[in-house]
2 protein chains.
Amino acid sequence: MLDLTPQNNERFATVLSLRETAAEEPILLRGPGGLPAKEASFDRDEEIYGESEPAEYVYCVRRGAVRTFKLLRDGRRQIDAFHLPGEYFGLGSGDSHLLSAEAVVETRVAIVKRRALENVAAHDAPTACALWRMAADELRNAQEHMLLLGRKSAMERVIAFLLDMDRRLAVAGVLALPMSRRDIGDYLGLTLETVSRSLSALAEKGALHFSGSRHIMLKDRIRLRAMTE
Amino acid sequence: MLDLTPQNNERFATVLSLRETAAEEPILLRGPGGLPAKEASFDRDEEIYGESEPAEYVYCVRRGAVRTFKLLRDGRRQIDAFHLPGEYFGLGSGDSHLLSAEAVVETRVAIVKRRALENVAAHDAPTACALWRMAADELRNAQEHMLLLGRKSAMERVIAFLLDMDRRLAVAGVLALPMSRRDIGDYLGLTLETVSRSLSALAEKGALHFSGSRHIMLKDRIRLRAMTE
DNA sequence: CGGTGAATTGACGCTGCTCAATAGCGGTGG
DNA sequence: CCACCGCTATTGAGCAGCGTCAATTCACCG
């Protein structure tokens with residue numbers, strides 16, 4: 001399961017931030033207090049950690065994709081974020097995790113011991129500031145997502161999702177989605193059928209093209225953006 | 001509007017944290033780096049700051065209540081939090097606010113210059129850690145709220161809201177809500193009519209008693225709690 | 001190819017929204 | 001002290017958007 005073999009000596013320094021504004025962000029774990037990162041691999045749908053488990057590690061996605069989510073007793077699921085290569089997860093400030101995390105596809109992550117990180121932060125202000133910023137960035141995403149979940153229509157939600165994924169992982173204008181329609185629905189507060197119908201309607205209108213159900217090319221991003229704000 | 005008259009020399013030190021677990025939390029702005037706090041008052045429905053305004057201050061509620069929210073162009077509103085006495089708001093890590101803030105009722109807040117706070121955090125690890133924790137606490141609230149907005153029924157949302165408010169501001173078992181049904185609806189992703197109907201249904205079943213539409217006494221909190229999880 | 005899980009599509013129903021009328025509450029002034 | 005007024009909350013009727021259930025169809029991978 002957890003493959004903790006020391007893989008190399010590279011540090012988190014090469015992995016800059018939660019977002020592609022990487023270069024300007026504070027660099028977690030570099031410098032004198034920098035911590036050595038190990039790596040671990042997870043299969044598709046494999047659990048990385050469970051809600052309310054003690055939080056032993058902090059993670060950074062290298063390859064693949066991770067979903068973090070909460071469950072209700074009857075099985076309803078809310079995915080609160082997808083974490084893509086270069087993004088951190090698992091760094092709330094409490095002792096135990098508040099969410100569960102699973103690999104969406106075959107995934108490799110860098111890990112660092114949480115306690116070590118906290119020890120550094122406790123007397124190194126720049127590291128602590130970096131943690132603050134990263135938490136604040138996640139908070140901003142959560143706030144935007146609450147607006148989506150509380151007040152947007154199904155079509156608006158799906159368009160917002162497509163634009164976000166397009167920005168974060170499109171290569172040469174093509175979006176290769178790692179997650180299923182069910183995952184998307186559980187992220188957007190919809191059913192998988194509603195997601196599918198919305199995507200079909202957009203394709204029908206020529207707003208996007210499919211090449212296989214998980215490969216999407218958006219047409220006219222400007223107009224799409226105007227439909228979610 | 002902003003009454004920045006130095007009111008007294010007390011410091012944020014007396015205001016402990018975002019939550020009632022105050023005593024155990026790190027104390028923002030105490031000690032050598034502690035910053036002097038001024039105070040300001042706002043009328044009911046008065047704007048405290050607007051979305052995308054430069055973030056000049058960080059706030060702590062003294063008396064009253066504050067709502068922070070986002071708007072869509074057509075007027076749809078999502079309130080992402082109510083801030084009650086003792087709670088901080090306005091401390092994302094960016095240069096400009098991500099939300100608007102308004103006083104729900106006549107409200108008094110303590111304020112501190114954001115730049116001064118950042119200057120302290122930049123070389124004082126404990127202060128930076130306190131900021132990290134506060135952002136992480138807000139993030140936890142946001143994650144719980146996403147589950148509510150994405151996956152809970154109207155009745156479950158209203159019950160969750162009542163239990164949360166009961167915990168945070170009930171005195172002698174009675175909840176005196178400062179906000180309108182519309183505010184509650186915009187917080188829960190519902191209309192004011194649905195909120196009203198849910199409350200009436202709960203009163204009908206004897207799960208709560210009204211004494212005036214904004215004074216509520218919950219009956220059997222245990223059973224109510226079982227209805228939201 | 002063939003099999004299996006994912007995605008699409010259709011029919012129908014329910015939850016919560018919209019629009020509208022009424023009732024209640026709190027403040028104000030005669 | 002009570003009558004009035006404006007705002008807030010309640011309640012009702014009808015409807016629509018999205019969920020549910022079910023049947024195909026599609027894509028991926030051996």
Side-chain angles (χ1 to χ4, degrees), chain A residues 43-45 65 67 72 74-78 104-106 148-162 175-205 208-216 227, chain B residues 43-45 65 67 72 74-78 104-106 148-162 175-205 208-216 227:
Chain A
D43 289 335
R44 187 177 115 104
D45 293 331
R67 56 179 174 254
L72 293 171
D74 62 6
R76 281 176 288 176
R77 182 178 67 159
Q78 180 62 41
V104 174
V105 290
E106 187 81 28
L148 178 148
L149 293 171
R151 289 300 179 216
K152 288 186 179 176
S153 70
M155 183 57 84
E156 290 169 333
R157 296 181 200 200
V158 170
I159 293 171
F161 171 76
L162 290 171
L175 236 185
L177 294 174
M179 71 290 284
S180 70
R181 299 291 190 262
R182 176 176 296 279
D183 281 343
I184 299 172
D186 284 351
Y187 177 61
L188 298 178
L190 301 170
T191 59
L192 64 94
E193 292 94 333
T194 298
V195 171
S196 179
R197 275 185 253 268
S198 302
L199 290 171
S200 297
L202 287 169
E204 186 73 25
K205 290 200 303 180
L208 57 81
H209 286 166
F210 280 106
S211 43
S213 62
R214 295 193 183 184
H215 288 82
I216 296 177
M227 293 173 68
Chain B
D43 289 335
R44 188 179 117 104
D45 293 330
R67 57 178 172 254
L72 293 171
D74 62 6
R76 281 175 287 176
R77 182 178 67 158
Q78 180 63 42
V104 174
V105 290
E106 187 81 28
L148 179 149
L149 292 171
R151 288 300 179 215
K152 288 186 179 177
S153 71
M155 183 58 84
E156 291 170 331
R157 295 181 200 200
V158 170
I159 292 171
F161 171 76
L162 289 172
L175 237 184
L177 295 174
M179 72 290 284
S180 70
R181 298 292 191 263
R182 175 175 297 279
D183 282 342
I184 299 172
D186 284 352
Y187 177 60
L188 298 179
L190 300 170
T191 60
L192 64 94
E193 292 94 333
T194 298
V195 172
S196 180
R197 274 185 253 268
S198 302
L199 290 172
S200 297
L202 287 169
E204 186 73 24
K205 289 199 302 179
L208 57 82
H209 286 167
F210 279 106
S211 42
S213 63
R214 294 193 184 184
H215 287 81
I216 295 177
M227 293 173 67

* Might you point out which heavy atoms bring B:T194 and B:A154 nearest each other, and give the distance in Å? => CG2-CB, 3.6 Å

* B:R157: what forms a side-chain hydrogen bond (donor to acceptor under 3.5 Å, both in side chains) with it, not counting sequence neighbours? -> none

* To do: Only counting residues at least two apart or in another chain, list the ones meeting side chain to side chain contact (heavy atoms under 4.5 Å, CB included) with B:A203.
  => B:L208, B:F210

* B:R44 CZ: over 12 foreign heavy atoms closer than 6.0 Å -> no

* Nearest heavy-atom neighbours spanning B:L148 and B:A160 -> CD1-CB, 3.8 Å

* Determine, stepwise, if the pair A:V158 / A:L190 fulfils side-chain contact (heavy atoms from CB on, under 4.5 Å). => CA-CA 9 Å; A:V158 170; A:L190 301 170; 4.2 Å; yes

* Asked: Taking only residues two or more places apart in sequence, or in another chain, which ones meet A:S153 in a side-chain hydrogen bond (donor to acceptor under 3.5 Å, both in side chains)?
  -> A:E156

Would you tabulate the pairs of protein nitrogen or oxygen atoms and nucleotide nitrogen or oxygen atoms of nucleotides 27-30 of chain D closer than 3.5 angstrom?
none

* Within residues 192-204 of chain A: residues closer than 4.0 Å to DNA chain D (heavy atoms) -> A:E193, A:T194, A:R197

* To do: Find the bend of the helix from C:dC1-D:dG30 to C:dG30-D:dC1 as the angle between its two terminal axes (five pairs each), to the nearest 10°.
  => 30°

* Using a cut-off of 4.0 Å on non-hydrogen atoms, how would the nucleic acid contact of A:R44 be classed: base, sugar-phosphate, or nothing? -> sugar-phosphate

* Once you round it to whole Å, what is the distance between P of C:dG16 and CE of B:M155? -> 9 Å

* Contacts to DNA chain C from residues 178-191 of chain B, heavy-atom cutoff under 4.0 Å, which residues? -> B:G189, B:L190, B:T191

* Only pairs at least two apart or in different chains count here, so list each salt bridge (charged side-chain N to carboxylate O under 4.0 Å, His left out) that has a residue in residues 189-205 of chain B. => none

* Asked: Which part of the nucleic acid, if any, lies within contact of B:R151, taking any heavy atom under 4.0 Å across all strands shown: a base, the sugar-phosphate backbone alone, or nothing?
  -> nothing

* Asked: Whole-Å distance between C:dG16 P and B:K152 NZ?
  -> 14 Å

* Structure fact -> The side-chain hydrogen bond (donor to acceptor under 3.5 Å, both in side chains) partners of B:R77 (sequence neighbours excluded) come to B:D183, B:D186

* To do: Please step through side-chain contact (heavy atoms from CB on, under 4.5 Å) for the pair B:V195 and B:Y187, ending with a clear verdict.
  => CA-CA 11 Å; B:V195 172; B:Y187 177 60; over 6 Å; no

* To do: Output, in order, the C-alpha distance, side-chain angles, deciding distance and verdict of side-chain contact (heavy atoms from CB on, under 4.5 Å) for B:L192 and B:I184.
  => CA-CA 7 Å; B:L192 64 94; B:I184 299 172; over 6 Å; no

* Structure fact -> Residues passing the side-chain hydrogen bond (donor to acceptor under 3.5 Å, both in side chains) test with B:R181, sequence neighbours excluded, are none

* Only counting residues at least two apart or in another chain, list the ones meeting side chain to side chain contact (heavy atoms under 4.5 Å, CB included) with B:D74. => B:L72, B:R76

